[in-house]
Number of protein chains: 2
Amino acid sequence: MSAAAALTPERILEATEEVLRRYGPTKATVVDVARALGVSHGSVYRHFPSKAALREAVTDRWLGRTVGVLERITAEPGRPAAEKLAAWLAALFEAKRHKAGDDPELFATYTVLLAENSRVVDAHLSELVAQLARIVAEGADAGEFSVPDVPAAARAVFDATGRFHDPQYAPEWSRPEIAAAFEAVSALVIRGLRA
Amino acid sequence: MSAAAALTPERILEATEEVLRRYGPTKATVVDVARALGVSHGSVYRHFPSKAALREAVTDRWLGRTVGVLERITAEPGRPAAEKLAAWLAALFEAKRHKAGDDPELFATYTVLLAENSRVVDAHLSELVAQLARIVAEGADAGEFSVPDVPAAARAVFDATGRFHDPQYAPEWSRPEIAAAFEAVSALVIRGLRA
DNA sequence: CGGATGACAGATTTCAATATTTGTCATTCG
DNA sequence: CGAATGACAAATATTGAAATCTGTCATCCG
């Protein structure tokens, strides 16, 4: 075994994130990633078939990080569905708003990656809608919500709150009125589900 | 008076629309507009202070055309507010979907103009939200809706249905599932207003 | 022998020279 | 005299030649 750690997909992804953070989505090259790892760019191609695949994997990782917090809220037992739904929507908005506000450049970088990788994004969105469906189904079982078609309702909730999680609206999230606008939509949608 | 009709802002706007349709937003120049009118480009600048102002005026005109249909629905007397609101939202979606579907290139051209002219767009959106507020207020007065803050509720309805009128989502509007998704959000939102 | 290398061809991006466009205004025209 | 013109400077866009990057693969190294 050599002095440096073995070259793994994991290490390559880490380095790619760093390079993207430093150079942005247009300037970051595979050669940069290889240089950051102290290997030739040919070695990177041993673990990822293309630059596109590498960027896709990084995008997937980034999206995955948000899902954990939401999953915890979804799985929380013994809490009214309406409250849980409100908490879930607020957590999603909060997470996005922080990512966008803390480091706008990095957020812009990932917004570009998101646009490039619609397959990964679609899978991520499906996962989020599936979590919503679990909460909505819980509410329906408890008689809290009156919902004929749970998946459709979950999708509708997600669509209706798009302004507060779709990155295209990120510039609006730093405006002061945004909190009130979010509360209004969140409340409207939850009322719409009620029995 | 010369043989040709007098040069008016109206005629210039017409010619500008035609040039934008033909050449698209990046290639359309003030010289092209002047050529279409058979005058020198200096004459165009007698009626509009800049190319930006000209494009802004064209954008305003284009947005104005949709408002008429919606205003007629808003003003219709003796109709339940819930029904009116459903019709209004459906009409807005229908209008956008047709504009986008009938001539995608022209729609793309105007999408670029919209992005350039956020002042005009904001004014247009305010007008739409004001119409929504009238319908919501009617419903509240009739005891059909239970709404503590009418302007906020109107804004929330508009925000929640963004996926079906914001041009950024236009590519989704040709998908077959879109009608069901629209119905689901529309119904959810209207239920959320109900007393 | 399995993993890493770097030379290479084709694709893509950059950059600077060149051309076009915007906006002004002194002059012309009816 | 008021509206229209077109020459012009500054700003912007286009182009194509040079540089860089992606992806492959014959070769090397431990």
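The chains referred to below are lettered A, B, ... by the order of the sequence lines, with proteins before strands, and numbering in each begins at 1.
Cation-pi check for R155(A) over F158(A) is not met; the charged atom does not lie both under 6.0 angstrom from the ring centroid and within 45 degrees of its normal. A cation-pi arrangement is absent between K99(B) and W173(B) under the rule of less than 6.0 angstrom and at most 45 degrees off the ring axis.
Under the 3.5 Å distance criterion, with hydrogens and angles disregarded, no donor-acceptor pair is assigned to the side chains of D103(A) and Y110(A).
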Verdict with reasoning, E56(B) to K51(B), per salt bridge (charged side-chain N to carboxylate O under 4.0 Å, His left out): CA-CA 9 Å; E56(B) 190 175 275; K51(B) 184 191 185 186; over 6 Å; no
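Between the CG atom of L188(B) and the CG atom of L193(A) there is a distance of 5.0 Å, given to the nearest 0.5 Å.
Mapping T26(B) and L7(B) onto DNA chain D by nearest heavy atom places L7(B) at the nucleotide closer to the 5' end.
Regarding R35(B), its CZ atom lies at a distance of 14 Å from the C1' atom of dT22(C), rounded to whole Å. Between the CG atom of L37(A) and the P atom of dT5(C) there is a distance of 11 Å, rounded to whole Å. Distance CZ (R11(B)) to P (dA4(D)): 10 Å, rounded to an integer number of Å.
By the neighbour-count criterion of 12 heavy atoms within 6.0 Å, atom CD of E105(A) is sparsely surrounded, having that number or fewer from other residues, nucleotides or ligands.
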Report, as a single string ordered 5' to 3', how protein heavy atoms within less than 4.0 Å touch nucleotides 18-30 of chain D: B base, S sugar-phosphate only, - not at all. ---SBBB------
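Between S43(A) and dA4(C) there is no side-chain polar atom (N or O) within less than 4.0 angstrom of OP1 or OP2.
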